[in-house]
2 protein chains.
Amino acid sequence: MKRRKQIIKYYISLHFATFACMKTEPELFKLKPIASLTMADQVESQLREYIIKRSIRPGDSIPKEMEIAEALGVSRNVVREALSRLRMLGLIESKKKRGMILTQPDVMKGLERILHPTILDMNVRKELFELRLVLEVGLGDLLFLRKTPEQLQQLDAIVEREQRATTQIERIRCEVDFHSTLYEMAGNDTLKRFQTILMPVFEYVVEYESKLEHTSVGSVTHADLVKILYGNNPEAFPNAMRKHLMPHLEHL
Amino acid sequence: MKRRKQIIKYYISLHFATFACMKTEPELFKLKPIASLTMADQVESQLREYIIKRSIRPGDSIPKEMEIAEALGVSRNVVREALSRLRMLGLIESKKKRGMILTQPDVMKGLERILHPTILDMNVRKELFELRLVLEVGLGDLLFLRKTPEQLQQLDAIVEREQRATTQIERIRCEVDFHSTLYEMAGNDTLKRFQTILMPVFEYVVEYESKLEHTSVGSVTHADLVKILYGNNPEAFPNAMRKHLMPHLEHL
DNA sequence: TTTGTATTTATGTAGTACATAATTATCTAA
DNA sequence: TTAGATAATTATGTACTACATAAATACAAA
């Protein structure tokens, strides 16, 4: 009897899909592939809606798997697939007998699963690199707002290490450390994690750009940036960083 | 016999968990909650590793569900939960008989599922708002690189509409349109989608900041920004945008 | 009061069965 | 022979059942 119910649903969803397609594309045969949402897709969507509509807060519990399954008329299996997704995003956690509770989702959790250079195609990587440049140029005000003497000294140390560096590897390490420390200084966890996740994506850039001769060497060094940060003039930062990143910007 | 295998695995993972706990926390009762990865977690992780290690390209196919299940010694059920997650991230697609193929994952797919104001707590929303400010200040170079006459005219139109606006709602709409158009001008799809997803998160800001009296009114208007964009001096942009956003920056 | 044991319950995993859709193979008719 | 219809094959999608595991609760014993 339950199976019958499911079959009916199939027809309904098919009907809706066709209707939606006709509505958005009145021309005959515009042929956008039918969405064909699986049950799991729909349950996932409904669960998210449920959470939002009822404004369920972190710590609150949501219905048991069986209750959801029965309420939606699907198998527990399907519900579990949907819940599995939300669990991955950090939206829910489940304890053995307590049922499931809403948790504060981790904004970056989905991202860090796919931000891997071999998975993303060149074009997306290029866009993410641009994103990085944009972030660093705009970072100034957060830095001036939250810089601490310790962090400034840390930057000093990195600059010094860089000047003493003899190998290319060491210089690259300093480069990475310097910029990472900047993100740290910004005092924004989301931003910092974003940078951490993004970093491995840019390995290709080093390789790619090392092949090109730099038409203009970055005229602003790390030391110059630190000097600005020691000062009290946020206006100076963006364009200093722009000049520092100019070699990269010119390759866009 | 298969069940036996699984039971053994349980003991092993328990052992490791205990060991890891003791190793990182020699002090008695430091009590950090045991990770306790589920099978689905592990399978998901292994699948991602498999894809990366073998450098499988979009369009390539991956093993059938049953093959994976047998290879890993878990039930098809577990494999499906893991695959369901990857499917949600846009990492794979599955056709009825063709099996599953790798697809170019959508960087923002995970994000857009949780970036909803009622789900995120205040702190994260604040961080995301900061992120937005950082992005807009740093956006300049992409804008100058890719601006088109049509887009500049579009900005003009918005500014004009804003000046004629009589209601607060209309002014807010213009505000949103203006900044959205900027992201569009940057010619970076990832960035643009990021902004689109982020927008609804900031509704609270309007509400929140309207309660505070602005100590300094943004001295740089949209019209000023457009004038700069018509020009040919990227250096002028970051600090102009900083001044434009100053009322927000001051509330950080 | 504390400790230990049994019960209950919700999640985690296994396994079977079948529906659905797409591919492939086979067969028929012009 | 080839086009077109039909059947067999196969991998995913869904349902259902069974049991393991862990946590909470209740209750008994020291």
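First the proteins, then the strands, lettered A, B, ... as listed; each starts at 1.
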Residue list, ring pair (Phe, Tyr, Trp, His ring centres under 6.0 Å) with A/F178, at least two apart or on another chain: A/H222
Residue pair A/R48, A/L91: steps toward the side chain to side chain contact (heavy atoms under 4.5 Å, CB included) verdict: CA-CA 9 Å; A/R48 273 189 288 113; A/L91 198 66; 4.2 Å; yes
Stepwise salt bridge (charged side-chain N to carboxylate O under 4.0 Å, His left out) test for B/R85 and B/D41: CA-CA 10 Å; B/R85 299 178 179 184; B/D41 291 326; 2.8 Å; yes
Between D/dA11 (C1') and B/E67 (CD): distance, integer Å: 10 Å
B/E65 CD to C/dC18 C1', straight-line distance once rounded to whole Å: 15 Å
Residues which pass side-chain contact (heavy atoms from CB on, under 4.5 Å) with A/S61, listed by chain and number, not counting sequence neighbours: A/I101
For atom CD of B/Q42 and atom C1' of C/dT13, their distance in whole Å: 12 Å
Atom-pair distance (CD on A/E93; P on C/dT11), nearest Å: 14 Å
Pairing residues for B/D106 by the side-chain hydrogen bond (donor to acceptor under 3.5 Å, both in side chains) criterion, not counting sequence neighbours: B/R193
Distance below 4.0 Å between A/S94 side-chain N/O and C/dG12 OP1 or OP2: yes
For atom CE of B/M39 and atom C1' of C/dT11, their distance in whole Å: 14 Å
Selection: residues 76-84 of chain B, any non-hydrogen atom under 4.0 Å of DNA chain D: B/R76, B/R80
Side chain of A/V74 - closest among D/dA24, C/dT13, D/dA15: D/dA15
Set of side-chain hydrogen bond (donor to acceptor under 3.5 Å, both in side chains) partners for B/T118, sequence neighbours left out: B/H116
With B/R173 via side-chain hydrogen bond (donor to acceptor under 3.5 Å, both in side chains) - residues at least two apart: none
Presence of A/S75 side-chain N/O under 4.0 Å of D/dT14 phosphate oxygens OP1/OP2: no
Between D/dA23 (P) and A/M100 (CE): distance, integer Å: 16 Å
Of A/G99 and B/K95, the one whose closest DNA chain C nucleotide lies more 5': A/G99
Partner set under side-chain hydrogen bond (donor to acceptor under 3.5 Å, both in side chains) for A/Q154, not counting sequence neighbours: none
Polar atom pairs between nucleotides 6-9 of chain C and protein, under 3.5 Å, N or O only, would you list them?
residue, atom, partner, partner atom, Å
C/dT9, O4', A/K97, NZ, 3.1

Separation of D/dC16 C1' from A/E70 CD (nearest whole Å): 13 Å
Spacing between B/E44 atom CD and C/dG12 atom P, to the nearest angstrom: 14 Å
Set of side-chain contact (heavy atoms from CB on, under 4.5 Å) partners for A/A82, sequence neighbours left out: A/V43, A/E44, A/L47
